S.K.: 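Structure in structure tokens, see below.
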Amino acid sequence: MKHLISLKEQSKKDLIDILKLAQDIKAKRNKGKLTPYLTNKTLIMLFQKGSTRTRLSFEAGMTELGGHGIFLDANTTQFSLTDFTDEIRAVMRFGDVLMFRALKAASVEKAASFNQIPVIDACSEKYHPCQALGDMLTMIEDSGDIKKIKKMGWLGIENNVSNTLKLLCAKLGIDIAIISPYIDKDSVDEELNKMADKSGHVIYTKDVKKGLEGCQYVHTDTWMNMEFFEKGKVKAEFKKEYEKRLKLFAPYQLNAKLIDAYAPSAKTMHCMPCHIGYEITRDAIDHRNSIIFDQAENRMHIQKAIIMWLLS
Ligand code: CP
């Protein structure tokens, strides 16, 4: 049975197939054609954390494919009362694919280990494969051909999104510069790093100017964990870490000045939600080079393709 967890399990051909399928389904939709390929199919959407894009894109995608998505909040269902393993095995009896936004990738892997139905990691602390594939779809559309994508930059913190994007680039033969002073320790997957690094396509640097040289795309993501804040204010227990990160990451902020100085022709990307004034500025979101909102929409197109690929 196929699962989509970290992209370690997919071959280059698998990844190209998914990307081509997404382009095909999107083109049909843009022509006003219906795509009822998954009638009577149910996607179970289990969330242990909040979401805007992931929930909307999966649910709307299933509607457009003629199927149905069922939203389950782990905090308001019986998951909080019982053994996870029993509950997830019962949950998977009701659908054809499970999409799981988990606190821990190990929980996604546990669900997949039963091989009852295909399982998708919809953003854990280590991986975000749907985001990475959606980002690649956005770059392919923008460039017109995957062969034209030679180099991208990842600016800021090394995390779950950079992990999967790095591995995806490595498998597709695209250079990626990881321009970062800090790794989110919880996101580290040594096996994934080895796979990506041995491709020769991953460059690590703390030097923004050097890293951005020749980049056609620059991508960033939040440096601050959302648990640092309460009602817009920094919680006392996280104040020290907040101050440390603010100082450390300031030179890595994606802003118009940085883009215009080091990568004036590079398209700017962010997986959203954007934290304005931290990793990105308003003038970078609204920059002439920004393709951020195309990225958001492409989550739906790529996920339709992922579900179809998993069920094929
Ligand atoms: N990028 C992303 O996964 O967005 P959400 O957290 O809103 O789902």
Side-chain angles (χ1 to χ4, degrees), residues 4-7 18-19 22 26 43-64 69-76 97-105 107-108 119-139 141-142 152 154-169 184 186-187 217-229 232 254 267-276 278-280 284-285 290-307:
L4 189 102
I5 296 174
S6 63
L7 302 187
I18 294 169
L19 287 159
K26 184 172 178 179
L43 172 72
I44 299 164
M45 309 192 311
L46 176 60
F47 287 83
Q48 288 179 335
K49 294 185 281 185
S51 161
T52 303
R53 277 144 295 273
T54 301
R55 178 178 177 182
L56 276 169
S57 52
F58 269 109
E59 198 164 331
M62 277 307 281
T63 304
E64 291 190 8
I70 299 178
F71 172 73
L72 272 184
D73 175 357
N75 301 310
T76 55
V97 178
L98 170 69
M99 178 242 90
F100 189 5
R101 171 161 285 195
L103 291 167
K104 294 281 172 200
S107 303
V108 183
V119 174
I120 301 168
D121 184 322
C123 185
S124 60
E125 88 286 16
K126 290 195 193 309
Y127 317 116
H128 202 350
C130 301
Q131 186 66 55
L133 281 161
D135 295 344
M136 189 55 67
L137 176 63
T138 310
M139 290 186 274
E141 278 179 348
D142 176 73
M152 71 169 299
W154 177 271
L155 193 64
I157 194 163
E158 273 195 70
N159 65 6
N160 49 357
V161 181
S162 68
N163 278 348
T164 23
L165 201 48
K166 173 172 81 172
L167 185 58
L168 180 59
C169 283
D184 171 10
D186 291 341
S187 75
Y217 299 93
V218 189
H219 198 309
T220 192
D221 192 9
T222 182
W223 323 315
M224 299 292 183
N225 298 354
M226 285 307 95
E227 63 266 25
F228 290 3
F229 302 93
L254 187 62
K267 298 292 171 67
T268 53
M269 303 177 74
H270 192 303
C271 43
M272 302 182 92
C274 300
H275 306 94
I276 297 169
Y278 293 97
E279 78 277 0
I280 195 160
I285 296 171
S290 171
I291 50 172
I292 288 172
F293 297 100
D294 296 330
Q295 273 182 274
E297 182 193 318
N298 277 334
R299 288 290 305 280
M300 180 172 77
H301 305 299
I302 199 71
Q303 287 156 198
K304 285 179 179 174
I306 289 168
I307 296 166

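Order of listing sets the numbers, starting from 1, for every ligand and every atom in it. Because the structure is predicted, anything quoted here is derived from the model rather than measured.
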S.K.: Indicate whether the side chain of Thr138 and that of Asp135 have a donor and an acceptor atom separated by less than 3.5 Å.
M.R.: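 Their side chains do not contain a donor-acceptor pair, so the 3.5 Å distance test is not met.
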
S.K.: Under 3.5 Å, N or O to N or O, is Ser51 touching ligand 1 that way?
M.R.: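 Such a contact does occur with ligand 1.
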
S.K.: Does Glu297 use its side chain to pair, donor to acceptor, with the backbone of Phe293 at less than 3.5 Å?
M.R.: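 No; zero donor-acceptor contacts below 3.5 Å.
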
S.K.: Name the option, out of Arg101, Arg55, Gln295, His270, that contains the heavy atom nearest to atom 3 (O) of ligand 1.
M.R.: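 Nearest heavy atom to atom 3 (O) of ligand 1 lies in Arg101.
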
S.K.: I'd like to know if the side chain of Thr222 pairs up with that of His275 as donor and acceptor (distance under 3.5 Å, no hydrogens or angles considered).
M.R.: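 Checked: Thr222/His275 side chains pair up, N/O donor to acceptor below 3.5 Å.
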
S.K.: Tell me, which protein residue and heavy-atom name are nearest atom 4 (O) of ligand 1, and how many Å apart are they?
M.R.: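 Answer, as residue, atom name and distance: Arg53 NE, 2.9 Å.
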
S.K.: Can you name the nearest heavy-atom pair linking Lys49 to Ala102, along with the distance?
M.R.: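 The pair with the smallest heavy-atom distance is CE-O, 3.4 Å.
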
S.K.: Is there a donor-acceptor pair under 3.5 Å between the side chain of Tyr217 and the backbone N or O of Met139?
M.R.: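 Present.
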
S.K.: Would a distance-only check, ignoring hydrogens and angles, find a side-chain to backbone donor-acceptor pair under 3.5 Å from Asn163 to Lys126?
M.R.: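 Such a contact is found between Asn163 side chain and Lys126 backbone.
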
S.K.: Between Gly50 and ligand 1, does any nitrogen or oxygen pair lie at a separation below 3.5 Å?
M.R.: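 No.
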
S.K.: Considering distance alone, does some N or O of Pro273 sit under 3.5 Å from an N or O of ligand 1?
M.R.: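 It does not: no N or O of Pro273 is found under 3.5 Å from an N or O of ligand 1.
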
S.K.: Give me the nearest non-hydrogen protein atom to atom 2 (C) of ligand 1 as residue plus atom name, then the distance to 0.1 Å.
M.R.: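 Looking only at protein heavy atoms, the one closest to atom 2 (C) of ligand 1 is Arg299 NH1, 3.4 Å.
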
S.K.: By number and element, which atoms of ligand 1 are closer than 4.0 Å to a non-hydrogen atom of Met272?
M.R.: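 Those atoms are 1 (N), 2 (C), 4 (O).
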
S.K.: Report yes or no: does Cys271 have a heavy atom closer than 4.0 Å to ligand 1?
M.R.: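 Within the 4.0 Å threshold, so yes.
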
S.K.: Can you tell me if Gln48 and Asp73 form a side-chain donor-acceptor pair at under 3.5 Å?
M.R.: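 Side chains of Gln48 and Asp73: no pair found under 3.5 Å.
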
S.K.: Tell me the protein heavy atom at minimum distance from atom 7 (O) of ligand 1, and give that distance in Å.
M.R.: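 Answer, as residue, atom name and distance: Thr52 N, 2.7 Å.
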
